[in-house]
Colleague: 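The structure under discussion is supplied below as structure tokens; questions concerning it will follow.
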Amino acid sequence: MIDLRRLRNEPDAVLAALGRRGIDLAPVRQLIELDARQRDVARQRDEVRNQIKVISADVGRLFKEGKRDEAAELQARSRELGASEKQLDADADALAAQIRQGLLVIPNLPHPDAPDGASDADNPELRKVGYDPDAYGEHQRVAHWDIGKERGILDLERGAKLSGSMFVMYRGGGAALVRALIQLGLDRNADAFEEIRPPTLVRTETMVSTGHLPKFADDAYHVERDDLWAIPTAEVPLTSLGRDEVLDEAELPKRFMAYTTCYRREAGSAGRDTRGLLRVHEFDKVEILAYATPEQAPGLLEEMVGRAEATIAGLGLAYRVIEICTGDMGQSHHRSFDIEVYAPGVDLWLEVSSISWFSDYQARRANIRYRPLVTDGTPSKGTEIIHTLNGSALAVPRVWAAIVETYRRPDGQITVPDLLRPYLGGREVLAAGPSR
RNA sequence: GGAACGGUGGCAGAGCGGACGAAUGCAGCCGCCUUGAAAGCGGCCGGGCCGAAAGGCUCCGGGGGUUCGAAUCCCCCCCGUUCCGCCA
């Protein structure tokens, strides 16, 4: 969530920043008002409490001195004040709860350098690498769902039989390819990121920390009996790793990566981009994430984009990098870049990675802080909220689709990209059935 | 699933009706000592709100209650640890 104090102290700047997202600012203005009222009521309550405290001390003293009558008088006065204190306290609490709820659904402020825009149509393309529309042969213009069926490496019918549409099943060389991609994603980042294997069912508060709840509850699977949520991305557990902790600045940046299965209900997207592997309910992904100081964040963002990009490039796939404009950003994003891979069979650019800087938005929800280093000889005073960044290092299904389409030969066989051969026992083509 | 114990500052851990925002230790910061470091000694060392400041109020897992007054007593909830049972 955004910083309430900043909203209070610099309302114009905050409103202007939020305005760039094209959202309705009325609830934000209302929040400023509620905050002023809340603090006013709280101040009145504090004054009354102070009187009660002073009186109570006197009562104790008078009792000791044996002045029972005077004490009784004060007790009565205190009881009267107690009633008004209770009312003021209830009012202040109610206002605070309203503010908290309002704050949870206000999106993050976009970075000053984030491009303005109203929708994804306004996202500037930063670079396009390895793409030549004329270089693809007819043999590559076959959709991965057809290739997968033809080669016996993707069984969509049986996936749907087991779990319904948008649940998929890989087989033989296709299943091995999934495993290889996961391993590749981890290996490419093992130099700097600690590998984590987190739980994939998490508590409500864990989902709230990253901004996935309360606003986007419909997008997540919920295990009602145990009140647990299936994570839509490893970002959720990795961000909450540090919840309620205070780190030393010297520990930052702290970097984590995790391979997990991800679950998304994709409510409201029925029928859109839903064929084959374009959009599925359950998929595998390697996520990279960092806790950083505000100063470290920009460099990390660039590095993380570079890492995701290099992996796609290494696989020999065409891709482009686009920056997300203010009108298309996710709720929690401060600045965000997407990597889209080109899949020639379906002739589509598929989003395979979204790398984002969240400023202190998630960390404020999760209460992850750090103690700044002392620079000028004075003891460090207080704590600061860390910044979080994260992105997909490798999201399997769409990369799988792009590989299968790009590497399909005229004879219908699918060549294994060089980078993946070590992960596939040296095999050169993807085939059905047992791998050895 | 059954039982017991517990949730207090960065960490560990006292406090169990008024003098407690909270002992003590560790960690951290400043200074002394030292060629340097360690040890030792002295000092400092939680967050939020109001206030120009002085200062005031608030927070001891969450909520409710008792009381003139609650970290401390009572009730409900949440979370954790350990033991037993079950199980990969």
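Quick note: numbers below take in every heavy atom, side chains included, and nothing from hydrogens, waters or symmetry partners. Each chain gets a letter, A, B and so on, in the order the sequences are listed, and its residues count up from 1. Every value quoted in this text rests on a predicted model; they were computed, and no experiment measured them.
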Colleague: Looking at A:Trp400 and A:Gly174, would you say the former's side chain and the latter's main chain have a donor-acceptor pair under 3.5 Å?
Modeller: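 Answer holds: yes.
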
Colleague: Keeping to residues at least two apart or across chains, list the ring-ring contact (aromatic ring centres under 6.0 Å, His included) pairs with something in residues 282-311 of chain A.
Modeller: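 Pairs touching residues 282-311 of chain A that pass the test: A:Phe256-A:Tyr291.
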
Colleague: Considering only atom P, compute the distance from B:rA88 to B:rA4 and round it to an integer number of Å.
Modeller: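 Roughly 29 Å separates the two P atoms.
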
Colleague: Are A:Tyr259 and A:Asp284 close enough that a side-chain donor and a side-chain acceptor fall under 3.5 Å?
Modeller: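 Yes, A:Asp284 and A:Tyr259 have a side-chain donor paired with an acceptor closer than 3.5 Å.
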
Colleague: Polar atoms only, N or O, under 3.5 Å: list the protein pairs with nucleotides 63-70 of chain B and their distances.
Modeller:
{"residue": "B:rC68", "atom": "OP1", "partner": "A:Arg79", "partner atom": "NH1", "Å": "2.9"}
{"residue": "B:rC68", "atom": "OP2", "partner": "A:Arg79", "partner atom": "NH1", "Å": "3.3"}
{"residue": "B:rC68", "atom": "O2'", "partner": "A:Ser56", "partner atom": "OG", "Å": "3.1"}
{"residue": "B:rC68", "atom": "O2'", "partner": "A:Ser78", "partner atom": "OG", "Å": "2.6"}
{"residue": "B:rG69", "atom": "O4'", "partner": "A:Ser56", "partner atom": "OG", "Å": "3.3"}

Colleague: Polar-atom pairs under 3.5 Å, protein N or O versus N or O of nucleotides 57-60 of chain B: list them with distances, or write none.
Modeller:
{"residue": "B:rC57", "atom": "OP1", "partner": "A:Asn50", "partner atom": "ND2", "Å": "2.7"}
{"residue": "B:rC57", "atom": "O2'", "partner": "A:Asp46", "partner atom": "OD1", "Å": "2.3"}
{"residue": "B:rC57", "atom": "O2'", "partner": "A:Asp46", "partner atom": "OD2", "Å": "3.2"}
{"residue": "B:rU58", "atom": "OP2", "partner": "A:Lys53", "partner atom": "NZ", "Å": "3.1"}

Colleague: How far does the P atom of B:rG18 sit from the matching atom of B:rG55, given to the nearest Å?
Modeller: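 Rounded to whole Å, the distance is 26 Å.
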
Colleague: Identify all pairs in which a protein N or O lies below 3.5 Å from an N or O of nucleotides 6-12 of chain B, and state each distance.
Modeller:
{"residue": "B:rG10", "atom": "O4'", "partner": "A:Arg371", "partner atom": "NH2", "Å": "3.2"}

Colleague: Please walk me through it: do A:His387 and A:Phe358 pass ring pair (Phe, Tyr, Trp, His ring centres under 6.0 Å)?
Modeller: CA-CA 7 Å; A:His387 279 207; A:Phe358 300 83; over 10 Å; no

Colleague: Which pairs count as ring-ring contact (aromatic ring centres under 6.0 Å, His included) when at least one residue sits in residues 91-113 of chain A, sequence neighbours excluded?
Modeller: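 Found A:His111-A:His334, A:His111-A:Trp357.
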
Colleague: According to the Watson-Crick and G-U wobble definitions, with both distances under 3.5 Å, which nucleotide is paired to B:rA52?
Modeller: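 Base partner found: none.
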
Colleague: Heavy-atom count check: over 12 atoms from other residues, nucleotides or ligands less than 6.0 Å from A:Glu33 CD?
Modeller: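 No - once you tally the heavy atoms of other residues, nucleotides and ligands closer than 6.0 Å, there are 12 at most.
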
Colleague: Look through every strand shown and name the nucleotide pairing with B:rC41 as Watson-Crick or G-U wobble, where both distances are under 3.5 Å.
Modeller: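 Matched B:rC41 with B:rG31 under the 3.5 Å cut-off.
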
Colleague: Considering only atom C1', compute the distance from B:rU24 to B:rU8 and round it to an integer number of Å.
Modeller: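 Roughly 14 Å separates the two C1' atoms.
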
Colleague: Strictly by Watson-Crick or wobble contacts shorter than 3.5 Å, is anything paired with B:rU82, and which nucleotide is it?
Modeller: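 With both distances under 3.5 Å, B:rU82 matches B:rA3.
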
Colleague: Please give, in whole Å, the distance from B:rC79 P to A:Arg243 CZ?
Modeller: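 Value for this atom pair: 12 Å.
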
Colleague: Considering non-hydrogen atoms only, spot the tightest contact between A:Thr233 and A:Cys262 and give its length.
Modeller: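 Residues A:Thr233 and A:Cys262, closest heavy atoms: CA-SG, 3.7 Å.
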
Colleague: So for atom CZ, which belongs to A:Arg243, do other residues, nucleotides or ligands contribute more than 12 heavy atoms lying within a distance under 6.0 Å?
Modeller: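 Yes, the 6.0 Å shell around CZ holds more than 12 heavy atoms from other groups.
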
Colleague: Rounding to the closest angstrom, what is the interatomic distance between B:rC76 and B:rA3 at atom P?
Modeller: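 To the nearest whole Å, 14 Å.
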
Colleague: Rounded to the Å, how far apart are A:Asn367 CG and B:rG48 P?
Modeller: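 A:Asn367 atom CG is separated from B:rG48 atom P by 11 Å.
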
Colleague: Considering Watson-Crick and G-U wobble pairs with both distances under 3.5 Å, what does B:rG17 pair with?
Modeller: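 Its partner: none found.
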
Colleague: Taking CG from A:Asp3 and P from B:rG48, how many angstroms apart are they, rounded to a whole number?
Modeller: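 Spelled out: CG on A:Asp3 to P on B:rG48 is 10 Å.
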
Colleague: Tell me whether the rings of A:Tyr221 and A:Phe167 are parallel (<30°), tilted (30 to 60°) or perpendicular (>60°).
Modeller: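 Rings of A:Tyr221 and A:Phe167: tilted, 30 to 60°.
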
Colleague: With a 6.0 Å cut-off (strictly less than), is the heavy-atom count around CZ of A:Arg158, excluding the residue itself, greater than 12?
Modeller: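 Counting neighbours around CZ of A:Arg158, 12 or fewer heavy atoms of other residues, nucleotides or ligands fall under 6.0 Å, so no.
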
Colleague: Does A:Lys161 NZ have over 12 foreign heavy atoms under 6.0 Å away?
Modeller: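 At most 12 heavy atoms, drawn from other residues, nucleotides or ligands, come within 6.0 Å of this atom.
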
Colleague: Which whole number of Å gives the distance between the C1' atom of B:rG42 and that of B:rG47?
Modeller: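 The same atom, C1', in both gives a distance of 28 Å.
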
Colleague: Pair up each side-chain donor or acceptor in residues 297-309 of chain A with any protein partner under 3.5 Å, not counting sequence neighbours, and list the distances.
Modeller:
{"residue": "A:Glu303", "atom": "OE1", "partner": "A:Arg255", "partner atom": "NH1", "Å": "2.9"}
{"residue": "A:Glu303", "atom": "OE2", "partner": "A:Arg255", "partner atom": "NH1", "Å": "2.8"}
{"residue": "A:Glu303", "atom": "OE2", "partner": "A:Arg307", "partner atom": "NE", "Å": "2.7"}
{"residue": "A:Glu303", "atom": "OE2", "partner": "A:Arg307", "partner atom": "NH2", "Å": "3.2"}
{"residue": "A:Arg307", "atom": "NH1", "partner": "A:Arg188", "partner atom": "O", "Å": "3.4"}
{"residue": "A:Arg307", "atom": "NH1", "partner": "A:Asn189", "partner atom": "OD1", "Å": "3.1"}
{"residue": "A:Arg307", "atom": "NH1", "partner": "A:Asp191", "partner atom": "OD1", "Å": "3.0"}
{"residue": "A:Arg307", "atom": "NH2", "partner": "A:Asp191", "partner atom": "OD2", "Å": "2.8"}
{"residue": "A:Glu309", "atom": "OE1", "partner": "A:Arg127", "partner atom": "NH2", "Å": "2.9"}
{"residue": "A:Glu309", "atom": "OE2", "partner": "A:Arg127", "partner atom": "NE", "Å": "2.8"}
{"residue": "A:Glu309", "atom": "OE2", "partner": "A:Tyr319", "partner atom": "OH", "Å": "2.8"}

